[in-house]
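For reference, the structure is listed below as structure tokens.
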Amino acid sequence: MIAAGSTGSIPATAELLKTIAFLPRGAVVLPGFDLAMDAATRSALGNEIGDPTIFGHPQFGMVKLLGYMGATVADVVALGAVAAPLASRAAIIADALSPAALTDLWPDRRGGLSESTIAAAFANVAFIEAANERDEALAIAIALREAIENPAHDAALVTPDRGLARRVAAELLRFGVVADDSGGTPFAATPPGSLVAGLLTAAFRPGDPVTVLSVLKHPLLCAGFARAEARHAAETFELVALRGGSGRPDIAALPELLAERLAAAETAGRPPLWVGRLSSDDLAAAATLARAVHTRVAPLAELRNAAKIDLRLLARSLGVALETLAAGPDGSLSRLYGGESGEALAELLRNLIASETEIDFDPAEAPDVIGALCSSLTVKPKAAASRRVFLWGAPEARLQSVDTLVMGGLNEGVWPRQPEPGQFLSRMMKAELALDPPERQIGQSAHDFVMAAGAPRLVLTRSARAGDAPAVASRWLERLFAYLGANAMAPLRACGGRYLALAAALDDSPRRDFAPRPQPSPPLALRPKRFTVTEVETLRRDPYAVYARRVLGLHRLEPLARDPGAAERGTLLHDILAGFVEAEIDPAAPDALAQLMAVGRAAFDAMALPRDVEVAWWPRFVRTARNIIAWDRERNVARRCAEEAATPALVGSTGVSLSGRADRIDIHSDGSAEILDFKTGSTPSKKQAHTLIAPQLALEAALLARGAFSGIGPRRPVELAHVRLRADGAVEQESILSAGGGKERSEKSAVALGEEAWARLTELLDWFAVESNGYRSRVLPLRERDVEGDYDHLARVLEWSAGGDEPGGEADPS
């Protein structure tokens, strides 16, 4: 009987090895045992109490196992001879990793080695120190690809960093090499695994549109359709039912959601963008898909109403749902169960259904339960992988050899990993139980490092940065470099530098200039002839956005449905305050607050907020309502007008008109008027409105003076103000007619501010009436570093702003 490959780090394993070693025909093969170890080192490794650092030595486990078996070095026999250069390399690495107490012997030991011996030992060793993880992965891929240029050679990467292994596998695909990855792919990252996770989350934790969409657009979902038809129907459903507004979609109620959105689009004052762009056939296909998914998912989703569910029942229901969702028009399940990942799914379902373990759990825990059961499941390709290029972890590399071995990720925290003390036993408790401390894990990793370093051709790699932070080289590299010295390391770095140079050359391309800042100049006939007061600020700040939306007809894709937020709360409060005024309720009346609360209650009910959102918003509205009544009672006005619309008024001689809508206009007994704009946010600021960077209120004043508000007639504006509705319920009226303080203070009348805004708008429209003047991107951005505008990507803002603006550009047209 022969036991090979174990270091006996587990006490039970050590006992088994001891028994086998003393059988009449038994033998134990000790991997990487250092027969050339000197007596001083062996003695130091036996003094674990006096020097705890020896637990991290690569030979500590071997020496401890030998002592446990009652054997001596004389009982160990070498099974084969090692070539002289490799033997020298092993001896040098052993010296470099000697116990800390013996490092003072380095000068004598290093002095006994000739430069030719060191050169021969590391003749086939390269050291790659890349700037980042991406460069490291590409250099490794090049080294592996170069190694298999010889048809008789094979190569492998050894690393405990799965992220690096995946990067290298991806880079190897550039050369048409599919590496044999011993780590495989986590089942959750495969198409069947992602469908399982998405379906369970959508069924048992409804409300997230992203999860619903991940199921509808999953590459395995057909639900009786051809795959291309299912995808198109899912995209239509997304546009109609899952984008825009607020809501919590339920995958078990998709037909109802679609019908609700279609009905809302028919009665909307401003129809959604998809209206007129989707055909009746598109909508019919989306409805058919919604019914098909509902029918197939409903039995699984019904389990969420149970008090407890059984694992086997869940597995059966999940299997049925998966099969019916994945079946195409012919009923075939080859796409679901085909390939290694499909086989893994089938095996998982079989095991769960056949399980005799009684496990009951809350339905909401179903995604977590199945996720935990899948967490250790990996899928390893059985075909198409190269039999000459391998990606190994340290355990797989212990008993295998290749012609070229790359040791990647040699940074602290990766190789070796930080020791984990465990959750149940402290260091002192482990010591009392004669258990090894956490540093024993470092010793095991060091043993793997030394074993791998004996490859005929060796490449050591690390990256100077890990993620977004600097990385520290592995302690083993640091010791080896310190032992060898800079002169001996120079050839290793030069060899590694060649791989880095090849990696840089691989992605090298001719230098291209940055894209210039766009400034399209469409014909005058195509330019917009009508603006609203809210669009003028955009025209001044970012003319390109106006060009993209009004000339090209490009509109932002609505965001996915979400819980009501600040925008919806602002709209709700505006509607309530408008309804209060339109109902002609006198704020001085004794029951004014009660009537405002009634208007608010009706608006809340119409909006049908989720319960958890309403319980947060309603108390805030109650506080705001009290302050609104108190604020409004102090205002001595003859007439209140809400949501007044201005008819288009021509601006200058360009033929362009301006329209708008005012939140509220209050008319005094002398005929003058105040224009009020209710704000639930902090923008625009008082200064921005006063300086006409945000000219909405001032332009409304100009329209009022010109009689554009036909329901009111020409009026002289005397006040322009924002009414801030604070989160704590406070109501603050903020006039924009003055701004600044001290010498910087500026005061203007409402009429003057309105006329100034009108004059500036006239000048701006005149500028755009010249065909050679274009719609430039980001003339006056709200925030310099904010590039999240709807059309900033189309304008390639990140590119031209990184390269600096071109000289001689147009001046700010405003």
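Computed from a predicted model, the values in this text were never measured in an experiment.
Taking CG of L596 as the start and CD1 of I629 as the end, the distance is 4.5 Å to the nearest 0.5 Å. The line from CZ of F621 to CD of E614 is 11.5 Å long, rounded to the nearest 0.5 Å. For the atom pair CD of E340 and OG1 of T190, the computed distance is 10.5 Å after rounding to the nearest 0.5 Å. Atom CZ of F187 and atom CG of L345 lie 4.5 Å apart (nearest 0.5 Å). A distance of 4.5 Å separates OG1 in T236 from CG in D282, rounded to the nearest 0.5 Å. Atom CD of residue E643 and atom CZ of residue R664 lie 11.5 Å apart, to the nearest 0.5 angstrom.
In terms of the side-chain hydrogen bond (donor to acceptor under 3.5 Å, both in side chains) criterion, residue partners of R231 (sequence neighbours excluded) are, by chain and number, E235. Shown here are the side-chain hydrogen bond (donor to acceptor under 3.5 Å, both in side chains) partners of R304, two or more places apart in sequence or in another chain: D250. With sequence neighbours left out, the side-chain hydrogen bond (donor to acceptor under 3.5 Å, both in side chains) criterion links E558 to no other residue. For R296, there are no salt bridge (Lys or Arg N to Asp or Glu O under 4.0 Å) partners two or more places apart in sequence or in a different chain. Residues that satisfy the side-chain hydrogen bond (donor to acceptor under 3.5 Å, both in side chains) test with S659, not counting sequence neighbours, are absent from this structure. Scored by the salt bridge (Lys or Arg N to Asp or Glu O under 4.0 Å) test, R796 finds E799 as partners (sequence neighbours excluded).
R162 and D181 make their closest contact through NH2-OD2, 2.8 Å (heavy atoms, listed as atom of the first residue, atom of the second, distance). Residues G198 and T211 share a closest heavy-atom pair of O-CG2, 3.3 Å. Closest of all the heavy-atom pairs between P209 and A561 is CG-O, 2.9 Å. Nearest heavy-atom pair, V615 versus P619, reported as atom, atom and distance to 0.1 Å: O-CD, 3.2 Å. Minimum heavy-atom separation, R248 to V613: NH2-CG2, 4.1 Å. Taking each heavy atom of S246 and D563 in turn, the nearest pair found is CB-C, 4.1 Å.
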Please tabulate, for the side chains in residues 251-258, all donor-acceptor contacts under 3.5 angstrom to protein atoms that are two or more places apart in sequence or on a different chain.
none

Could you list the donor-acceptor pairs under 3.5 angstrom formed by side chains in residues 361-371, with sequence neighbours left out?
| residue | atom | partner | partner atom | Å |
| --- | --- | --- | --- | --- |
| D362 | OD1 | A364 | N | 2.9 |
| D368 | OD1 | R205 | NH2 | 3.3 |
| D368 | OD2 | R205 | NH2 | 2.6 |

Please set out all donor-acceptor pairs under 3.5 angstrom arising from side-chain atoms of residues 565-581, sequence neighbours excluded.
| residue | atom | partner | partner atom | Å |
| --- | --- | --- | --- | --- |
| E568 | OE1 | R562 | NH2 | 3.3 |
| E568 | OE1 | G565 | N | 2.8 |
| E568 | OE2 | R562 | NH2 | 2.7 |
| T571 | OG1 | A567 | O | 3.1 |
| H574 | ND1 | G570 | O | 2.7 |
| H574 | NE2 | D663 | OD2 | 3.0 |
| H574 | NE2 | F678 | O | 2.9 |

Let me have the donor-acceptor pairs involving side chains of residues 314-326, under 3.5 Å, with sequence neighbours excluded, atom names and distances please.
| residue | atom | partner | partner atom | Å |
| --- | --- | --- | --- | --- |
| S317 | OG | L313 | O | 3.1 |
| E323 | OE2 | Y337 | OH | 2.8 |
| T324 | OG1 | V320 | O | 2.9 |
| T324 | OG1 | A321 | O | 3.1 |

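You'll find the side chain of Y547 stays beyond 4.5 Å of the side chain of P518, heavy atoms only. Here the side chains of Q696 and E537 are not in contact, with every heavy-atom distance at 4.5 Å or above. L348 is not listed as a side-chain neighbour of V196, based on a closest heavy-atom distance of 4.5 Å or more. Within the 4.5 Å cutoff, side-chain heavy atoms of D542 are placed close to those of S777. The closest side-chain heavy-atom distance from P684 to K679 is below 4.5 Å. Between T201 and D208, every side-chain heavy-atom pair lies at or beyond the 4.5 Å cut-off. You'll find the side chain of R243 stays beyond 4.5 Å of the side chain of P272, heavy atoms only. For the pair L289/E229, no side-chain contact is recorded, criterion being any heavy-atom separation below 4.5 Å from C-beta on.
Proximity of a side-chain donor or acceptor of Y791 to a complementary backbone N or O of L554 within less than 3.5 Å is detected. Without hydrogens or angle criteria, R661 side chain to T532 main chain gives no donor-acceptor distance under 3.5 Å. The closest donor-acceptor contact from the side chain of S355 to the backbone of N351 lies at 3.5 Å or more, if one exists at all. Here the side chain of R633 pairs a donor or acceptor atom with the backbone of P587 at under 3.5 angstrom. With hydrogens and angles disregarded, a donor-acceptor distance shorter than 3.5 Å links the side chain of R227 to the backbone of L221.
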Under the side chain to side chain contact (heavy atoms under 4.5 Å, CB included) rule, what do I359 and D310 come out as? Steps first, then yes or no, please.
CA-CA 6 Å; I359 301 179; D310 176 72; 5.6 Å; no
Would you check, one step at a time, whether the test side chain to side chain contact (heavy atoms under 4.5 Å, CB included) holds for R640 with D632?
CA-CA 10 Å; R640 297 173 174 83; D632 222 349; 3.2 Å; yes
Could you go step by step and tell me if V599 and I585 meet the side chain to side chain contact (heavy atoms under 4.5 Å, CB included) rule?
CA-CA 10 Å; V599 173; I585 300 171; 4.3 Å; yes
One pair to check against salt bridge (Lys or Arg N to Asp or Glu O under 4.0 Å): R550 and E535. What are the steps and the verdict?
CA-CA 11 Å; R550 300 289 298 277; E535 289 178 310; 3.1 Å; yes
Could you go through the side chain to side chain contact (heavy atoms under 4.5 Å, CB included) check for W274 and E238 one step at a time?
CA-CA 11 Å; W274 54 262; E238 174 190 356; over 6 Å; no
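The residues R726 and D728 are annotated as not salt-bridged, no charged nitrogen and carboxylate oxygen being separated by less than 4.0 angstrom.
Inspection of the N627 and T624 side chains reveals no N or O donor paired with an N or O acceptor under 3.5 Å.
Pairs of residues two or more places apart, or lying in two chains, never qualify as ring pair (Phe, Tyr, Trp, His ring centres under 6.0 Å) while including a residue from residues 199-239. Screening residues 578-587 for salt bridge (Lys or Arg N to Asp or Glu O under 4.0 Å), with sequence neighbours left out, gives no hits.
Heavy atoms of other residues, nucleotides or ligands lying less than 6.0 angstrom from NZ of K687 number 12 at most. Under a cut-off of 6.0 angstrom, the local environment of NE2 in H555 is crowded, with over 12 non-hydrogen atoms contributed by other residues, nucleotides or ligands.
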